[in-house]
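Have a look at the structure below before the remarks.
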Amino acid sequence: MLESFKRVFVIGCGTCSTVCQTGGEKQLKSMAEQLKSAGKEVTGAIVVESPCDARVLKRDTRKLKSELERAEAIVCLTCGAGVQDIVEHVGKVVIPALDTKFLGAIERIGEFYERCRTCGECILYEMGGICPITRCPKSMLNGPAAACSR
Ligand code: SF4
Ligand code: SF4
């Protein structure tokens with residue numbers, strides 16, 4: 001995806017991606033190093049508190065305006081919502097570096113359980129608060145959902 005770009009800027013997420021350890025300060029640094037060793041110029045990098053919130057995105061990126069302007073593309077370590085917010089408000093080509101999997105519940109750091117696929121037709125009220133779409137491996141509504149959990 002980055003083949004035709006020489007100068008890149010990296011954006012991480014200070015909320016979910018930091019908690020998931022996929023797009024916080026540490027991963028941002030590691031991504032910048034990998035990009036440099038692949039021959040890219042990293043014009044700047046920042047962990048935005050929550051890139052899916054346009055107000056926060058604008059506030060946090062304001063201080064790195066010239067570094068952002070110099071970049072030809074942005075490498076983004078956020079979920080798909082963050083990527084799209086950056087596309088809309090920063091006006092550059094944005095390369096998603098992560099794959100968004102699900103809405104999860106956190107048990108402890110590094111331990112997450114898939115709980116919602118944002119299906120848009122929530123039936124939790126009929127299912128005793130257990131989501132069969134997410135927690136049944138076959139997404140069956142008439143299966144023993146509780147037995148399928150975890
Ligand atoms: S929803 Fe996406 S962009 Fe927003 S805080 Fe979570 S990972 Fe970051
Ligand atoms: S039914 Fe499951 S996947 Fe759909 S919105 Fe509700 S919790 Fe999320």
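Starting from 1, each residue takes its place in the sequence as its number. For ligands, and for the atoms within them, numbers begin at 1 and follow the listed sequence.
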min-distance protein heavy atom vs atom 3 (S) of ligand 2 -> Arg117 N, 3.2 Å

Near Ile123 (heavy-atom distance under 4.0 Å), the atoms of ligand 2 are 1 (S)

Output for pair (Thr22 OG1, Lys101 NZ), nearest 0.5 Å, gives 12.0 Å

Original post:
Does Ser17 use its side chain to pair, donor to acceptor, with the backbone of Leu77 at less than 3.5 Å?
Top reply: yes

Near Gly82 (heavy-atom distance under 4.0 Å), the atoms of ligand 1 are 3 (S)

Interatomic distance, NE2@His89 vs CG@Asp53, rounded to 0.5 Å, equals 9.0 Å

*asked:* When you measure from the side chain of Lys40 to the backbone of Val8, do you find a donor-acceptor pair of N or O atoms at a distance under 3.5 Å?
replied: no

Closest to atom 6 (Fe) of ligand 1 among protein heavy atoms sits Cys16 SG, 2.3 Å

Paired with Glu49, the salt bridge (charged side-chain N to carboxylate O under 4.0 Å, His left out) test is passed by just one of Arg59, Lys58, Arg55, namely Arg59

Rounding to 0.5 Å, atoms CG (Leu35) and CD (Glu41) come to a distance of 11.5 Å

Got a sec: is Cys131 within less than 2.8 Å of atom 4 (Fe) of ligand 2 via an N/O/S atom? no

the protein heavy atom lying closest to atom 8 (Fe) of ligand 1 turns out to be Cys13 SG, 2.3 Å

Atom 4 (Fe) of ligand 2: closest protein heavy atom, distance to 0.1 Å, is Cys119 SG, 2.3 Å

Does the Ser37 side chain pair with the main chain of Glu33, one donor and one acceptor, at a distance under 3.5 Å? yes

Atoms of ligand 1 under 4.0 Å from any heavy atom of Ser17, numbered from 1 in the order shown, are 7 (S)

- Query: So, is Cys52 placed with an N/O/S atom under 2.8 Å from atom 2 (Fe) of ligand 1, counting both backbone and side chain?
  - Reply: no

The atoms of ligand 2 lying under 4.0 Å from a heavy atom of Thr134, numbered in the order shown, are 3 (S)

Within 4.0 Å of some non-hydrogen atom of Pro51, the atoms of ligand 1 are 3 (S), 8 (Fe)

message: Taking Arg70's backbone N and O only, do any of them form a donor-acceptor pair with Thr43's side chain (distance below 3.5 Å, no angle check)?
response: no

Looking only at protein heavy atoms, what sits closest to atom 2 (Fe) of ligand 1 is Cys79 SG, 2.2 Å

